[in-house]
Undergrad: 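Sharing a structure with you now.
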Amino acid sequence: MASNKKYWKSVEELGESSAVVDTLRQNEFVEEIPTDEFLGDKETLESSSTSRRDFLKYVGFTTAAASLAACEGPVVKTIPYVIKPEEIIPGVADYYATTIADGFDFANILVKVRDGRPIKIEPNKQVGGATNARVQASVLSLYDSKRLQAPTANGEKISWSAADTAIVAKLNELKEANLPIVFLSGSCASPSTKHLIEQFKEKYGDVRHVIYDAVSESGALDAFEEMYGMRALPEYNLEKASVIVSIGADFLGDWQGGGFEAGYAKGRIPTNGKMSHHAQFESNMTLSGANADNRTRIRPSQEGLALIKLYQAVIGGISTMEMSPLNTAVQKAAAKLKEAGSKGVVLAGANDKNAQLVALAINKAIGSEVINPAVTKNVRRGNDADVAQLIKDMNAGNIGAVLTYNGNAAYTLPNAPEFLEGLKKVKLSVAFTSSNDETASAVQYALAAPHYLEAWGDVMIKTGSYSLMQPTIQPLFDTRQYQDSLLKWMGNDQSFYDYLKASWSTNVLDGASWNQALHDGVYNAPALDVTVEAATVDINAALTALGKQSNSGEFELKLYSKTGMGDGQMGNNPWLQELPDPITRASWDNYLTMSQADAEKLGVKNWHVANGALNGSNVEITVNGSSQVVPVIIQPGQAVGSVGLAFGYGRTNGLKEDMQTGVNAFPFYKGYNTTQTEVSLTLAEGEHEFACVQLQNTLMGRGDILKETTLETFNDHSLDPKHSWNKVPMVTLNHNEVEATTVDLWTKFDRSIGHHFNLSIDLNACTGCGACVIACHAENNVPVVGKAEIRMSRDMHWLRIDRYYSSEETFVEDNEFKDNIDGLLGETGSVQGFAKLEDPSDNPEVVFQPVMCQHCNHAPCETVCPVAATSHGRQGQNQMAYNRCVGTRYCANNCPYKVRRFNWFQYPENKEFDFNMNDDYGKMVLNPDVVVRSRGVMEKCSMCIQMTQATILQAKKEGREVRKDEFQTACSNACSSGAMIFGDINNKEDKVTALKDDKRSYHLLEHVGTQPNVVYQVKVTNKA
Amino acid sequence: MKSVKKHHPLSRLIVCSLAFLLLFSVNLSAQEGDASKGKQLYNANCAACHKLDKRLVGPALKGIGEKRSFEWLKAWIKDSQGLIKSGDADAKAIFEEYNNIPMLGYPQFTDQDIADILAYTDGKPAPAAVSATSDVDEVALAAGKKVFNANCAACHKLDKKLVGPALGGIAEKREVEWLKAWIKDNNALVASGDKLAKDVADSNPAAMTAFPQLSENDLDNLLLYFEFGNKPKKAVVVDGGSNAMYENEKAGVWSTLGIALLAFIVLVVIIAGTLKKLPGEEEHEENLLITFFKNPFLRFLFLIFSILLGVWLLFGWLMQIDVNEGYTPIQPIAFSHAVHSGDNKIDCQYCHSSAKHSKTSGVPTANVCMNCHKSISEYNGPLFDGHTKEELDGEIAKIYDAVGWDADQGKYKEDHVQKPIEWVRIHNLADFVYYNHSQHVTVAGLACQKCHGPVEEMHEMTQFSPLTMGWCIDCHRDTEVDMTENGYYKKIHDQLAEKYGVEKVTEAQMGGLECGKCHY
C-alpha cells in the first residue's frame, strides 16, 4: 500500500490554497522574469553599443585567444627503467640468434632488438642462414593486433588455471575411456618437443602424433623412404650442379621447403667461363621457370610423361624421335644431363610417390653429387595418409581429443568441412595458436600461444644441425607456449625453458656449452660418417603407374604457393599483402593465371582503365564439383590448357578488413595434389580490379636497360665486351663518335677520399624472390598504402623488382628485331614493329631487375629541386632531407629511373590506411633510427645511410678502419643469392670494388650520363 | 639559402647595440676593480672550481693578478680554449697541469668585470672564512668531520642507523678509551675478551672495518665530531646569481627598442621639417605630421617601411618558434645538478652512462640513484631555490618510493610495485634529426658542457643551447676534428690534409654539413 505521508518544503504548502504554491507548481520562479526589460525595449536594444553580432564577435575572439594562448609546446616525458636490464643500452641494438620454424618456413635468423622490441629479421649468415620475404616479414606478425590475446573456451575468455583444470580432467577421462588423444601439427622438427610428446604418451596412454603440411610433400617423403629407408627429404646442393633439370619443381619457390636460392645462384654466376644450365618443364610461370635457360611449357598432367621420357633417354638410352616440343626439349635435357654426369640433377615437383621415385632413380643412375641422401631435411614431414585416416576416425567418433599446433587445419586442409564435422564429434578439441584463425574458432579451447619471437624452442632443420629458438621480447599478450601447457598437464612444474635446457644437455650438447649454442643459434653435432645405401626399387612399376596418368578435362589446374603469402598463415601481414608477386607484379590479390590462347577462347580479357590500372574478367572455375568465381590475369608463358591458382588467400578469421583478399584455393586441393585435372571454366559476370605495379610487360628491345648475352658470346675472347655484348652507348661530340660516359654536363667531383659506396646487382644471381623488398620495408619504415592507392600507381616501395618479358623468344632477338625496324609502315615499319614488341611471346624469356634509387653522381633530381631538399653526399649517396621538401615533385619528374615516391597522404595514424602504422602494436616495429615521413614529401632509397653511418661510427668508436665488406644495406643483407653486393669502392678489398670494374658491369641508361652508384652485371644465359 | 642563426634578427640587433653601448661605457671608465662587485662575480662564476687559498679543480686564485699580466688573464678568462689553441705556452702548461680539464669560457665578462674579480682575488679583504670563535674548537671539529666523511660515512650516520649504529652522542654511552680501541681494531678488542665489544659485535651481523691508521689526534677530532657534529646549523641559502649572466640580453631589449623608436621619430621630424622648408612651397600653419602624410611619396615610403619592418619583425618572431632555449620545466623530483655534479663532482657519465655508447645519453634509472642514495637519505648541503631541508629529504624519498626501498630497515620492500620516475624531457630534437651522443662524446671527446652549458651550476636543469640547425652547423663549421688518436681517421686525415692544405680539417671539410648526415 502506498504511503500517505506528506512531505513539504514549507508550511505554505500545507495551506489549502496558496497563490505562491500554485505559481511555483507552474513556474520555477515566483516572479516573472523581466525579459521585456532587456528584450522588449527595442529602443534600448538598438541604442546599445554592443549588438548581437558584436557580442558573437567578442565570444569568438575570446575563444580564439584562449585557444591560441593554449598553443604551447607539448610536454614530452622521458621515462627511464626503474632498474635497467644490464644488457640493454637505450638506443643501441642487440642481436639475438634464433630460428623460425612455423611449419612452412624454417630459417636460422638474427633478430635486431631495439630497446626491447624486435624490429628486424636478418639471416644468420655465420651458420648459413638465409631468409625469404615471409621470414623477413614475420617480425610484423609479432605485432599483429588481431592475434589471439588470451586463452578462450568456446569463444569466451577463460583463465589459464580454469582451462588447465578442465582440460586435465577431460584428458584423464579419455585415458580412462581408452580413447586416443591426437596431436595434429604442421611439420615440427623439434627434438625436445618430440621427447615431450613421448612423455605425454606415457602419462596419457594412447597419444598419437599426426603431422601434416599445408602444401604437402608426402609423395617425396614416401619415395625417399622407399629408396633410402628414411622418411625425410634429401639435401640438394645446387651449387655443385652444372645441369639442373626440373620437372614441375619450383625450387626457387617453396618446393620441399625452399631455401635453394643461395646454392643455385652461386652456380649461375659465370666463373672461369662456366655456369650451370637449367632446363625447366612446367605449366605455371614460376620463379624457377623465369630463371631457367630453357623453359618448356607442359600441362601439369604431362609432368609424368616428361619424367618417363627423361628416364628412358638417360637410363634406357631410348630416345623417341616423336616430333613434339616436349620430346625435343626432353631429349635436349637428357643429352645435357648425360654430359654432366654426376654434376647433373633432376628435380620433380609433383606430390606423387611414383614421380619422385623416378626422379630419385635418375639421380642415382647418373651418380648425382648434387643430392646428398646422408644429410636429410626435416622441413616437410606431413603424411597425407595419416591425416586422411585421422579425419575418417574423427567422423567415426573414434578419437577422444584433437590438439592442434603449428598449423591451421580448418583452413588449409582440402577437406576442411569434413575435418570440422569430425571436430564436433571429438570429446576434447584444443588449438594452441597465436593467431585467431579458423581452427581457433572451431575448437573448444583456443589456447593463446606466443609468437616464435616470444618463445623458447629448438628445431633440427638438417641432420646434425640443432637450432635454438629464444624469446626476444616479453610476451605481448596473455600467452603460454604449448610445451609449457603440456608440461603442466603432465603435472610437471618445470618450465619449458628448463626442460629444453635439460633435454639439450643430455641429448644434444654432449658436453658442449649451452650458452655458446644459444649465442650462435645453432649447434652442429659432430658429423657422423654415414653412408646411405639406396635400396633397389622396381622403377618399372613406378613408370607404369606414372604412364597411366592422363588428363580428362578441357583444363587443368596447377595450385602453387605465392612468394608473399605462402600457406596463408601471415594473411594479416600488410607487408606481405603489398609485396607484388614477382611474376605478375600484382599485389593484394589471388587470381587465375591463364594463357593468351585460352583467354581468347573463353573471351577473357585484361585491359587498362583510364588511370592506368589493370582490370580483368572473372571466370567461374569448377574443380571436382566445387566452384568459385575467380578473376583472371593473362600470363605469358602459361601452358595452354592449364590455369594456375595460389594458396593462402581468402582467409577471413583474425584478419583486418583490408587484408581479406582473394579466394581460398585449398578446397580445390583434392587428394593433396597440386595438379587437378577435372576442371571446367566458364566466363563469369563482372570485372575485377587488380593492383598491379608494373604495366609495361616487355622490354621493347631496350637493351640499354637490361643487357643480356649468351655464354658462348661471353666466352668469346676475341670480342671486346664494350663493343659487342656490353655495348657502351656512343654519342657524337665534335663530329666524332665517343663513348657517352666520357661526355659530361656536370663538373666532376673528387670522391677518392673517404668512402664511396656502390651497390652491384648481378642479374644472373637475382632470382626475384623479393626478400630485399621486405627488408627495405622493415628497415626504412616504408608505409603500406593499400590496394586502392597501388591502383593509382602510388606504391611506396623504395626498391622494386622489375620483371620483363621478351617479345621474341629471347631478349637478344628483341634487340635484333628493334634494330631492323625500318620506315614507318609495312612489315618492318615502326608502327607495326613497336606494336608487336609490346606483346610478350607465348613462352617469353624473363628477367628480374631490382631497381632502387641509382644514387647518380650527377643526379638530375638534385638539379631541379627548388629548395635543395635533395643533395649529394661525398660518400656517393643521393640524400633526401624530408624536412626540407615542399613537395613540388619536380625531382620525380626528372628522375630517369622513376624511383622516387611521394607521400600523397599521412599514412601513419590514419584510419584510411588501417595497416601497421595505424595500430599501437604495429607501430612497435618501426625503426627508431629512420624518420616516419609525413604527408607531402618525397622519399626514396637512401642507400641505408643510417646503416652506413652506424658502421662508420662503430669503427670510430673502436678506433679502427672499417673492415672489409663491413658496410651493408638492408637489401644486400637480406639477399641470400648474393645478387646484391654493397661496399666501399675506395676500399680495394671490398667485393664491390672488383665488381664495379667487371667486364659484365654496366649502368642503367648509361647514355643519360647520370653516373649512378648502382651497377648491374649483364645477364648471361646458358641455353641448350 | 638561408641559414638559421643562433639569435633571431631582432635580438641580434639589440645585442649588437647593447654591446656597442657597453663598449663605450667600459672604455670610458678606468680599469679600477671593485672588490665587492668582484666577490659577487667570483662566487657566481668561479667558486665552483676555484678557491682563493687552495687548489680545487683549478688553481688557487689568490694573488693571481701579480703572477700574470692583466691582458693575459683577460684573454684566458674570456676564452681559455682559444688561448690554448693560439699556442700560448703558459696557457698550455696550465691546461696540462690541471689534467686537461678545460676551463669554461666567459666571453660575457667585460674588462671591468674581470678587473673587479682580480681586485677581489688579489685584495687583502678576503672574507672571513675561518674566524668564528665559539666554545667548540671549530678547526678540530672540521678535521673530525673530514675523518668521519672519509672513513665512517659509508656505514654510519650521526643521527640514524645505517649499516652501523648512529654515532651522534656515542661518547655519552661509551667510554672514550673503549671507543678509541674499538675504532682502531674492533676485532682485537673482541678477541681480548671484552664483553661489551662482544655484545656490540654480536648485535650487528656486519663486521666493522679496522682503522689502525687513525692517529690519536684524528680520533680526538672524530669523537669531538660525534659529540657536536649534529648540532643544528644555520641554513645557508645560495642565491641564483650565477644565472645573471644569461639574463643580461633580455634586460636590454626594451631600452634598445625605445632608443630605436626615438631615433625613428627624430628622423620623421627631421624629414618633415625639411619638407616644410622646401622652396616654392607656401607656408602653412599645419601640423608637421599632417604635412608629412599629405605628401603621397612620403606616405608611400612610410607604408613600404612599415611593411618591411612588419615582415622583418614577423620573420624574427616566427624563427624563434619552438626554439626552447631556457626551457626549464618542473621536474617530478627537485633534482639539482649543481649539488650532484657541482658540489659532489660526480662525473656526468656516471649517471648518463649511455652517452658514450648510444645515440641517447640516457636518463639514469632509479637503481643508479640507489648506488649512492642507499646511504644518503637526507640532504645536508647548503639549501637552494627556497627549498627547506625537509622538502629536499622528501625529494630523496621519492626515489625510495619508486624502487621500494625502506630507508629505516635498510633493505628493499618485498612486494613493492616499482614505478618509473617520469621526468620531463628538456632537450627535444625533432624526429627528422638524427643526433648521436656517442659520436660527440666518445669519438669527438666533447665536454657535455659544450652543448648543455654549466650544468654543474644549475640547480634546475635548463636548456642552455637553442638546438637549432644553425647552431649545430656553426659548430660543425668551426670545429677541427682531432684525428691523431683515432685509427679510423688515419687514412682520411692524410688525404684530406693534403687536399685542403691544412694541418687539421674541420668537421665541415669531413662532410659534416651534408644534409643526409643528420636527416634520415
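Proteins come first, then strands; the chains are lettered A, B, ... in the order of their sequence lines, and each starts at number 1.
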Undergrad: Checking B:Pro332 against chain A: side chain, backbone, both or neither under 4.5 Å from a heavy atom?
TA: neither
Undergrad: Among B:His357, B:Arg425, B:Glu485, which residue forms the greatest number of heavy-atom pairs with chain A at distances under 4.5 Å?
TA: B:Arg425
Undergrad: Given heavy-atom pairs under 4.5 angstrom as the criterion, report whether the side chain, backbone, both or neither of B:Val443 touches chain A.
TA: side chain
Undergrad: Does any heavy atom of chain B fall under 4.5 Å from the side chain of A:Ser942, the backbone, both, or neither of them?
TA: neither
Undergrad: Using non-hydrogen atoms and a 4.5 Å limit, figure out which bit of B:Lys517 sits close to chain A: side chain, backbone, both or neither.
TA: both
Undergrad: Assess whether atom NZ of B:Lys490 is packed by more than 12 heavy atoms of other residues, nucleotides or ligands within 6.0 Å.
TA: no
Undergrad: Please evaluate residues B:Asn367 and A:Tyr81 with respect to the criterion side-chain contact (heavy atoms from CB on, under 4.5 Å), reporting the C-alpha separation (whole Å), side-chain torsions for both, the decisive distance (0.1 Å), and the verdict.
TA: CA-CA 9 Å; B:Asn367 63 323; A:Tyr81 287 97; over 6 Å; no
Undergrad: So among A:Val75, A:Val76, A:Thr78, which one has a side chain to side chain contact (heavy atoms under 4.5 Å, CB included) with B:Asn428?
TA: A:Val76
Undergrad: Most heavy-atom pairs under 4.5 angstrom with chain A, which of B:Gln495, B:Lys356, B:Lys499?
TA: B:Gln495
Undergrad: Does atom OH of A:Tyr890 have more than 12 heavy-atom neighbours from other groups under 6.0 Å away?
TA: no
Undergrad: At a 4.5 Å cut-off on heavy atoms, which part of A:Arg874 comes close to chain B: side chain, backbone, both, or neither?
TA: both
Undergrad: Do you know which of A:Met880, A:Arg933, A:His872, A:Lys84 has the most heavy-atom pairs with chain B at a distance under 4.5 angstrom?
TA: A:Lys84
Undergrad: Counting only heavy atoms closer than 4.5 Å, note whether B:Ile421 contacts chain A via side chain, backbone, both or neither.
TA: backbone
Undergrad: With a sphere of 6.0 Å drawn around CD1 of B:Ile321, does it hold more than 12 non-hydrogen atoms of other residues, nucleotides or ligands?
TA: yes
Undergrad: Can you list the residues of residues 775-782 of chain A that sit under 4.5 Å from chain B, counting heavy atoms only?
TA: none
Undergrad: Within the supplied structure, the quantity of interest is the number of heavy atoms (other residues, nucleotides, ligands) at a distance under 6.0 Å from B:Lys411 NZ; does it exceed 12?
TA: no
Undergrad: Can you tell me how far the CD1 atom of A:Ile88 sits from the OG1 atom of B:Thr365, to the nearest 0.5 Å?
TA: 11.5 Å
Undergrad: Counting heavy-atom pairs closer than 4.5 Å to chain B, which one of A:Asn878, A:Asn883, A:Ile89, A:Val932 comes out on top?
TA: A:Asn883
Undergrad: Which heavy atom in A:Leu953 sits nearest to a heavy atom in B:Ser438, and how many Å separate them?
TA: CD2-OG, 3.6 Å
Undergrad: For residues A:Ile83 and B:Gln418, report the shortest heavy-atom separation together with the two atoms involved.
TA: CD1-NE2, 3.5 Å
Undergrad: Counting only heavy atoms not in A:Lys923, do more than 12 sit closer than 6.0 Å to its NZ atom?
TA: yes
Undergrad: Does atom CZ of A:Arg935 have more than 12 heavy-atom neighbours, drawn from other residues, nucleotides or ligands, at distances under 6.0 Å?
TA: no
Undergrad: Under 4.5 Å from any heavy atom of chain A, what part of B:Met510 do you find: side chain, backbone, both or neither?
TA: backbone
Undergrad: Going through the distances and angles, do B:Lys359 and A:Asp929 end up as a side-chain contact (heavy atoms from CB on, under 4.5 Å)?
TA: CA-CA 9 Å; B:Lys359 67 191 271 199; A:Asp929 289 337; 3.1 Å; yes
Undergrad: Which residues in residues 747-756 of chain A have a heavy atom less than 4.5 Å from any heavy atom of chain B?
TA: A:Asp750, A:Ser752, A:Ile753, A:Gly754, A:His755
Undergrad: Rounded to the nearest 0.5 Å, what separation is found between the NZ atom of A:Lys957 and the CD atom of B:Gln439?
TA: 9.0 Å
Undergrad: So how far is it from B:Tyr434 OH to A:Ile945 CD1, rounded to the nearest 0.5 Å?
TA: 11.5 Å
Undergrad: Would one find more than 12 heavy atoms of other residues, nucleotides or ligands at under 6.0 Å from atom CG of B:Asp431?
TA: no
Undergrad: If you compare all heavy atoms of A:Tyr882 against all heavy atoms of B:Tyr520, which two are closest, and at what distance to 0.1 Å?
TA: CE1-C, 4.4 Å
Undergrad: Within the side chain of B:Ser358, is there an N or O that forms a donor-acceptor pair under 3.5 Å with the backbone of A:Pro90?
TA: yes
Undergrad: After noting the C-alpha distance and the side-chain angles of A:Glu958 and B:Tyr488, does the key distance pass the side-chain contact (heavy atoms from CB on, under 4.5 Å) rule?
TA: CA-CA 8 Å; A:Glu958 290 169 21; B:Tyr488 170 80; over 6 Å; no
Undergrad: Using non-hydrogen atoms only, which part of B:Asp494 is less than 4.5 Å away from chain A: side chain, backbone, both, or neither?
TA: neither
Undergrad: Which distance, rounded to the nearest 0.5 Å, do you find between the SG of B:Cys515 and the CD of A:Gln877?
TA: 12.5 Å
Undergrad: Where on B:Pro420 is there a heavy atom nearer than 4.5 Å to chain A: the side chain, the backbone, both, or neither?
TA: both
Undergrad: Is the number of heavy atoms from other residues, nucleotides or ligands under 6.0 Å of A:Glu87 CD greater than 12?
TA: yes
Undergrad: Looking at CD of B:Glu514 and CD of A:Gln879, how far apart are the two atoms once the value is rounded to the nearest 0.5 Å?
TA: 5.0 Å
